[in-house]
Every structure is written in C-alpha cells, then in structure tokens.
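Read the structure below first, then the notes.
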Amino acid sequence: MHSNHQHQPEPSVMKKCKCFFDAFNSRMSFWSQCVFILIFALILFGPITNLLIWTVAETWYFPNALPSQWGMKYWYQVFNPYSDVSGSLLTSIFIAVLTVIVCLLVSVPAGYALSKHSMPFRVFWMLLFLIPQAFPNLTVYMNIARLFYDVGLNGTIVGVVIVHSVHGLMFSVWICVAAFASTDPMLERASRNLGAGPIYTFFHIVLPQAAPGIIASCIFVFLESLDEFTGTFFVGAPDITTLPLLLYTASMEGNYQIASITALILLVPSILFMLLINRFMKPEMLAKIGK
Amino acid sequence: MTRLNIENLNAGYGNKQILNDISLTVEQGEMIALLGPSGCGKTTLLNALCGFVPVSGGKIKVGNRDITTLPAENRNITMVFQSYALWPHMTVAQNVGYGLKVQKVAREEIEERVHELLSIVRLAGLANDKVTTLSGGQRQRVALARALAIRPDVLVLDEPLSNLDAKVRLNVRHEIKALQKQLGFTSLIVTHDQEEALVMADRIAVLNKGQIEQLGRPEEIYQSPKTPFVANFMGAENQIVWTPELESSILTGNSEALFVSRPTNLTANQQVFFRSENVTLITNTSRFDNDNSVLSLRGHVMQSAFFGNNYRISVQCGEHIIQADHTCDLPANTPVLLSVPAHALHVYDIETSFKSNAYATIQTSTSFQTI
Ligand SMILES: Nc1ncnc2c1ncn2[C@@H]1O[C@H](COP(=O)(O)OP(=O)(O)OP(=O)(O)O)[C@@H](O)[C@H]1O
Ligand SMILES: [Mg+2]
C-alpha cells in the first residue's frame, strides 16, 4: 500500500525497517479493527445477550449476575402445540399473509398507475398513502377502533388485517411506484409493437421487470405486520392474540422467559429479511423512490 | 410485406406540432432512408407509424388497410429500437419468439422460425444465452430478428447503427442491406449519417423541422440537392452568399480581387454551396484566367488537417472560410488560388431560401440545372 509508488532504490536496511513497520502497522490495524468490532458487537448485542440468557433461565433473581437455574423448560412450553405461543404465532402469520395479499392487490395496480407521469393528481395520490402515518399512531388507531366497533369489525381477523394493511400500504405503494418507475418504458413499447395487448404486456414484460421491488415490498409489509402492536391492540385485543400482543402480556405478567423466546422468534424473520433484501433491492430502484 | 402510404401526416406531442404534412410512399420491398439533423422528428415519424404518438391529421395506410387510428398492437409494423429494447429477463430465443408466442403459434413452429431467423442473422449458437451477455452488435441483430419474426408488413429501424463502433457498424450495415435484398421487406430506416443513407437506401427522404425537404434516389439527393438545407446537409459545407458587392468586384476585373471569376449562372443575390472535394487548389497564384465556367477565388491557408487519403485545407478568402481537399500538406499563410467547376456548384436564390416556400426553391434549382 505505502510502498507501491516508491520507485527510487533504497538501501536494504531501510527496506527491512520498512517491512517491519508495515507489518507492525497492519497488525496494529488488525487488532484495532478487532477491538472496534468487539465494542460494536457489545453495544449491538448486549441487550440481545441478556435476552438470550433469559430464554434458557429457569430461575433468575434480581441481584444475581447469572441465573441460578438453567434449562429449556420454557422452550418446551412455548413449542407445545397447545400453548398460547404457537397459537398466536399461527394467528400472526395468517394475518401477515393476508395483509401482504391485500397490499399487493392495491399497490401493484396503484404503483403501475402512479409510476406513469401522465397520471392526474399523481402527487396527491402518493401523499394520500402517507397521511395515516402523519398523525400520531395512537389517535389514529383509537379512532379506527371506535369506527370498527360500530360496524362490528372489532376483534375480528378482517379488522386487524385492514389496520395492518393501512400501515403496510405506505411502504408497499411507494416501493412499487419506484419499482415500476425504474422499468424501461421502451420494453413495454417493444412488446406492444410485436402485437401484444396492454394486459399481456403488463404480465409478461412489466411485472417481471418490477418483480424484485414488489417482492421487497411484500417482505416489508410481512415484517411490519408481524411486529405491529398498537393497531392490533386497539382493534384486535382481546379476541385476537398475535405474537407482539403475547409478548406484551407475558412481560406485563413478569414472565420474561416466554417474552424472550417470543422476541427471539420474532427476530428470525427480520434476519431472513435482511438477507433477502440484499438480493432483491436494486440500488437504482432505491434512487427512484418518490420520483 | 406491402407498400406503406403516408398522406399529409401531422403529429406532435400535446400542443407541440412536430410533423408537418408529411407525405411519403414506400413501395413494396423498398428501403427508404429518413435523413435529417437531430431533433427534426425522425423518431417521432416512426412512433406515429407504430402508434406510439397520436396522429392529429392525415392518413397512414398499409396496402389498402387504413391503420391511422389502430392501437399499436394491431398495426403489424415492427420497429428496431434505437436502444434495442430487448427484454433482459428472457433469452435470445425467447426475445425472438415473443411475437409468435403472442399470436399463439404452436411451440414447435416457433422454435423452427426462431432457429431460422437466428441463422439468418448469424446468431445460431446463442439461442439460449441471456440477452444481457451479448455484445452491442449481437443485440442489434437479435432486435432485428425479433422484429422480422412475425413477418411484419413494414419494418422501421430507428438509427439501428448509431450505438455501434465504426467497424461493427460497417458490418451490420452490409448485413441489414443484404438481408433486405434477400427477404425483400418494405422498410424505413432512420439515420443522421448521410453516408449510411446513401449506401443503404433505395430512396432518401431528407427531413428538416418536421417536413420532407427532398425525396429522391441517393444520386439525385447527392448531385442535385433542391434546397440549400439539403445541399448543406449532404456535405456541401462551403457556402458563399453572392452579394452585389462581390458581383461588382468581379465585373471590374481587378487582378488583385478576392474573387477572380464566376460562372455565368451565378448572379447577385444568390447563394452557392459546394463540396470540398470539388475544389481545386493551386499554389501558383499568378495564374489568372478569367474563365466563365469556374468559380475561382484567392486566399491563404489557415490550417490543414490530415484525412487519410488527402488533406482538408481551410482557406481564408476575405471573410469566407473555404474547405478544400488537397493531396499534400500546406503551411499556414500560403497564398492559394481555388477554383470550383460550374457543375459542382449548387446555386439558390437568397429570397426563396429564406421563405419556406418549397415550390419556389424547387423552381430556382430546376432553372439552375438546365444550365
Ligand atoms: N416525449 C416527448 N414529448 C415532447 N416532445 C418531444 C418528445 N419526444 C421528442 N420530442 C420533441 O420532438 C422533436 C423531435 O424529436 P425526435 O425524437 O423525433 O427527433 P429525431 O429526429 O429522432 O432526433 P435524433 O436524431 O436526435 O434522434 C424534438 O424537438 C423533441 O424535443
Ligand atoms: Mg431519434
């Protein structure tokens, strides 16, 4: 690195010195990197370590640094097919999948239409999907709950799915607009030119081009739905119990083991998501968001 | 393949009119080149033919079928796009077979046709490659095969060669021409390269500001351009406005004058265009013959550029700068005598060239041609 652009001949002693210095330097930077990563990991994973310990602690009282009794008792409890956890896990996934479907059905056509600059009131429509996020969540959900109570949607899966969808649409519409906007309109023309109608063209040319972005938006919506608490609490509870609601109840009851294991379960999709997003998001698409 | 008939076509974007009253007939099996400077509306014309730009007036007919208002997918005019517009999520074969798949042609038949086309454009081995792995020239040929696969009535090509480097461009140029002869498709090719148009086309339509300035065989366009614009665009880059002052300086017969002689067909208030290749350059400036068949003038060398087979010398003659081809290099400030034979001069009346009245310009130039 340093020595590459040195062209004049050097005495061999100097060379040796330099080699030593280089080696020292690179070793230093290696160790400093290690320390840096360690500190970083501690900050990041410290709370998670605590959480991990809780999942395998059977008894752990306050002043002790570590649990007094270790064991997998609560894991069995959680994965017991009749437990609250597996039940609410299923509910959570069911709701998340439905939410993804609803969001797809809205945001694919909306995203395609809004990606065309000829669309009237384009900015207005785009902002419309942001409006629910502009107000404090709590007030919005309380009002939705009141409304749903009148029409009998409170405490139903449908009600919760609607609440999750309103939240998810913000992401999915904006990402889909970006995904469709980053497709080349000439590809569409070429298809029409060869005799394909607009619908055939949409499914065979446009959709495959936008697919990575659409998949990314699905993943976003899915995870947002899994993690959603406030809306579910106001609209769904107590009839509908999703994982975050269960987590909340368990923590309130002081059942940290169940809470920690539930949290760990919720962590899995997030990590998968990180990996997937890497594969599906094109950088040039991110640049098109909001264009 | 059938003839394409464009009658008084008007088209544009929103309120902006781009094409004015275009009339053009492309005969069965003929290739016409649309030649014009950037922004003159060549792509717009092709888009109007293909149904991507709404037509505000006039008619487009293919054979006896009026297609003016048909949606793009029902026109059977295919386009080779300037950017190729190949579908990156499909293989070469899928790209080429797409049009047939849309028509629900049987799979074996599609395969057969795709194979046939790929061997025509010499890409037989690449059927299952992703188009994103191809070179520019190969993509170009896939785009051509794709457009030909459905046997269109008319093929239009939008600057098919502009994205290729010079050598590949020559190859593909010959390939397209050979293919056009072999398959005999009716086609319109857009280019802004005059050489390309001369080599490839049966006839050339020179477009300027959304109007056809001249339509004719390559020889006609090259040798007798009907308007100053066409003359200039076809490479006659030397222009002299023949003012009354120049005229009087010739008449006095002063041997020191800038302009030594002029042919009889050049009179005051005309402008004259000629190519650098038609200029004869003599370094012996003492020779002085008042020849009525040549335009000759004095000047001195400004600079010279090496063009391979000759040198292009820029000569300053008063306020005019004239380009002349010469066999050897000349140092700056060498006094020279230039002469251009009358038959190489394209003369136009100044008034008519400022008016956009096409008929007047045609008349002046025909009167010139009889001389
Ligand atoms: N989508 C559009 N909306 C509005 N005006 C346009 C549009 N596309 C082209 N134009 C205008 O129409 C005119 C003709 O454009 P066109 O693309 O036909 O030119 P061209 O002859 O193909 O030029 P080039 O050789 O550069 O491709 C230009 O002045 C351009 O500004
Ligand atoms: Mg163009």
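The sequence lines fix the lettering, A, B, ..., with proteins before strands; numbering per chain opens at 1.
Residue B:Asn76: no heavy atom, backbone or side chain, is found under 4.5 Å from chain A. Only the side chain of B:Phe81 comes within contact range of chain A, with heavy atoms under 4.5 Å apart. Using a 4.5 Å cut-off between heavy atoms, B:Thr78 contacts chain A through both its backbone and its side chain. Neither the backbone nor the side chain of B:Ala149 comes within contact range of chain A, judged by heavy atoms closer than 4.5 Å.
In terms of modelled atom types and a separation under 3.5 Å, the side chain of A:Asn193 and the main chain of B:Ile77 share a donor-acceptor contact.
Taking both residues in full, the closest heavy atoms of A:Gly197 and B:Glu73 are given as CA-OE2, 3.7 Å, listed atom of the first, atom of the second, then distance. Among all heavy-atom pairs drawn from A:Ala190 and B:Ala85, the shortest one is CB-O, 3.8 Å.
Atom NE2 of B:His89 is surrounded by more than 12 heavy atoms from other residues, nucleotides or ligands within 6.0 Å. Within a 6.0 Å radius of CD in B:Glu27, other residues, nucleotides and ligands contribute more than 12 heavy atoms.
Rounding to the nearest 0.5 Å gives a distance of 3.5 Å between CD1 of A:Ile205 and CE of B:Met90. Distance check: B:Met79 CE to A:Arg189 CZ gives 6.5 Å after rounding to the nearest 0.5 Å.
Take B:Arg173 and apply the salt bridge (charged side-chain N to carboxylate O under 4.0 Å, His left out) test, not counting sequence neighbours, and it matches B:Glu195.
Most heavy-atom pairs under 4.5 Å with chain A, from the set B:Gly51, B:Gly99, B:Pro88, B:Cys50: that is B:Pro88.
No side-chain heavy atom of B:Trp87 sits under 4.5 Å from any side-chain heavy atom of A:His204.
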